[in-house]
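Chain identifiers are assigned alphabetically (A, B, ...) following the order of the sequence lines, protein sequences preceding nucleic acid strands; residue numbering begins at 1 within each chain.
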Amino acid sequence: MHSSSQTLSRIARVVADGLGANVTERELEGATQLDQVIALDSIALLEFAMGLEREFAIRLEPACMERDFLIDVAGLVKYLDHRSGAGPR
Amino acid sequence: MADLLLDVLAKKTDWKYPLLEERPITASSLIPPLITLVDVFGFLKAYPLYGLMRLCPDWTLRATKTWLVLGYRLLRRAKHRLVAERISQWLGVPLDKGQTLAWRWMHHYTRDRCYHLSTLLKKSPTIGDERSLFGLEHLDRALGEERGVLLVSLHSFAIIPAKLLLRRMNYPILTVRASGRSGLGRVGKRWLLPRLLQLHARILAGSEAVALDDPNCALLIARRLREGGMVHLAADAMSNSSVIVPFLNGRMPLSSGVLDLARLCRCPVLPLVAAYTDSGIRIELGAPLGFRYEGTGEECARANLPILVAELERQVRAFPDQWTLWSDC
């Protein structure tokens with residue numbers, strides 16, 4: 001499995017576990033912005049960010065704790081690939 | 001989370017549904033009118049009245065304060081009656097005691113308006129010193145854990161001067177403010193809102209604030225906490241996550257955001273009480289609330305909600321004439 005695909009699947013798991021929404025990897029792949037597939041208020045976004053940190057065993061940098069960054073699916077996958085060592089450095 | 005809190009509290013006593021369910025959203029409710037009365041009064045306050053007050057010498061401000069107190073007591077008798085009845089009913093005290101407390105409440109109300117007026121006009125009102133502060137050791141100990149500190153209070157009259165005093169003592173606090181859009185029409189939101197926010201920032205006297213409706217609100221709070229800083233939240237603030245909970249002998253909206261933020265950031269939560277006294281203000285910082293963070297979000301809420309409600313009830317009982325929302329609850 002390609003690392004980005006794996007990452008998408010893990011993001012979908014974070015959304016399902018943390019936010020209780022049944023979002024598939026396929027749906028995420030088709031979306032440019034996360035809020036196209038799930039409604040995210042301010043607290044939900046924080047829940048999502050914390051879920052990502054647990055799932056990928058990383059700590060998001062302060063600059064990444066922003067809505068625009070977190071809902072940009074392609075950018076987020078690239079970042080998580082990079083941080084978890086799966087993608088190109 | 002809101003549904004969960006409803007379930008938790010349904011087991012405690014009788015109660016109502018979330019505010020959003022009580023007020024169904026319709027297409028017409030989403031589009032505000034072109035101009036509202038709030039726009040008109042906001043304009044008068046922000047421009048001609050403010051300009052006039054700026055031109056007046058200091059003694060007129062003192063005279064204004066006196067007339068404001070007298071005028072408010074004379075003209076707002078209906079409000080006094082309402083507050084007296086609420087206090088009597090919610091605290092279970094005789095009506096005559098409720099009336100006494102309501103007069104004191106009105107006194108603090110006018111005092112607070114005068115404080116706002118003074119800061120608005122940059123007159124630097126006296127707000128007290130470190131002798132007004134109790135329980136600072138709790139805050140120092142909590143800050144020493146380097147996980148940030150959430151300060152939780154109700155909307156009380158003296159909360160803004162209290163935060164200003166803490167800031168002057170090198171305890172800067174990030175605060176969450178209302179959007180300021182409430183009641184404004186389309187014209188007001190477009191043209192008046194920036195000016196009103198500018199004046200509100202002057203009242204906050206340089207304190208950092210994030211708007212409740214900022215999409216980054218929770219993330220900014222989390223960032224501040226991770227840096228080891230302090231954030232103040234008023235648990236009775238109205239927000240999308242507000243639910244109505246049993247409170248004293250009545251019901252009030254409680255923001256579940258406090259519980260969510262505490263759980264997600266795993267930071268200590270300290271109660272903050274601010275009250276006007278005869279000589280200035282009194283600030284009390286309590287020991288961290290015994291929140292537990294084990295288990296799921298649901299389990300955390302079940303464990304922590306009664307602790308939060310009990311603390312807020314204690315605050316109102318301790319200073320019954322200081323809670324601003326008696327007239328709105």
Side-chain angles (χ1 to χ4, degrees), chain A residues 7 10-23 27-28 31-80 82-84, chain B residues 1-5 7 18 20 25 146-148 150 174 176-179 210-229 231 233 235 237-243 254-267 293 295-301:
Chain A
T7 305
R10 290 170 79 182
I11 292 174
R13 192 158 62 223
V14 169
V15 172
D17 292 348
L19 308 176
N22 198 12
V23 175
E27 283 172 313
L28 280 180
T32 51
Q33 306 268 296
L34 194 61
D35 57 1
Q36 289 170 342
V37 287
I38 179 174
L40 290 166
D41 66 8
S42 171
I43 290 282
L45 210 55
L46 179 60
E47 186 104 47
F48 176 61
M50 298 294 151
L52 288 178
E53 289 193 338
R54 276 193 304 274
E55 174 67 29
F56 290 88
I58 56 166
R59 189 174 171 89
L60 292 170
E61 289 123 0
C64 302
M65 298 281 278
E66 288 213 347
R67 183 183 178 87
D68 289 348
F69 175 82
L70 289 167
I71 64 170
D72 173 14
V73 177
L76 186 63
V77 167
K78 195 172 166 188
Y79 172 81
L80 292 171
H82 173 72
R83 287 293 305 273
S84 58
Chain B
M1 180 57 77
D3 290 335
L4 164 68
L5 292 178
D7 289 339
L20 287 175
I25 296 169
E146 295 182 349
R147 286 183 291 152
L150 263 183
L174 177 69
V176 180
R177 63 164 174 77
S179 67
V210 54
L212 193 59
D213 62 346
D214 185 330
N216 282 309
C217 182
L219 292 167
L220 290 171
I221 290 172
R223 266 166 68 166
R224 174 56 63 92
L225 292 170
R226 284 180 162 202
E227 290 162 3
V231 178
L233 296 173
M238 289 291 289
S239 71
N240 287 343
S241 63
S242 287
V243 291
L254 178 87
S255 170
S256 62
V258 176
L259 299 174
D260 290 328
L261 283 164
R263 171 177 58 84
L264 291 166
C265 298
R266 295 288 201 271
C267 60
Y293 301 126
T296 61
E298 181 179 341
E299 286 161 350
C300 285

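With a 4.5 Å cut-off on non-hydrogen atoms, A/Met50 touches chain B through its side chain but not through its backbone. For A/Leu70, the part sitting under 4.5 Å from any heavy atom of chain B is the side chain, from C-beta outward, and nothing else. Neither the backbone nor the side chain of A/Glu61 comes within contact range of chain B, judged by heavy atoms closer than 4.5 Å.
Checking side-chain atoms of A/Ser42 against main-chain N and O of B/Ala218 turns up a donor-acceptor pair under 3.5 Å. For the pair A/Arg67 (side chain) and B/Pro215 (backbone), a donor-acceptor distance under 3.5 Å is absent. Not one N or O on the side chain of B/Asn216 forms a donor-acceptor pair closer than 3.5 Å with the backbone of A/Glu66.
Minimum heavy-atom separation, B/Leu264 to A/Ile43: CD1-O, 4.3 Å. Minimum heavy-atom separation, A/Pro62 to B/Arg223: O-NH1, 3.2 Å.
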| request: Would you please test B/Arg226 and A/Glu53 for salt bridge (charged side-chain N to carboxylate O under 4.0 Å, His left out) and show each step? | output: CA-CA 14 Å; B/Arg226 284 180 162 202; A/Glu53 289 193 338; 2.4 Å; yes
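Atom CG of B/Leu219 and atom CG of A/Leu45 lie 5.0 Å apart (nearest 0.5 Å).
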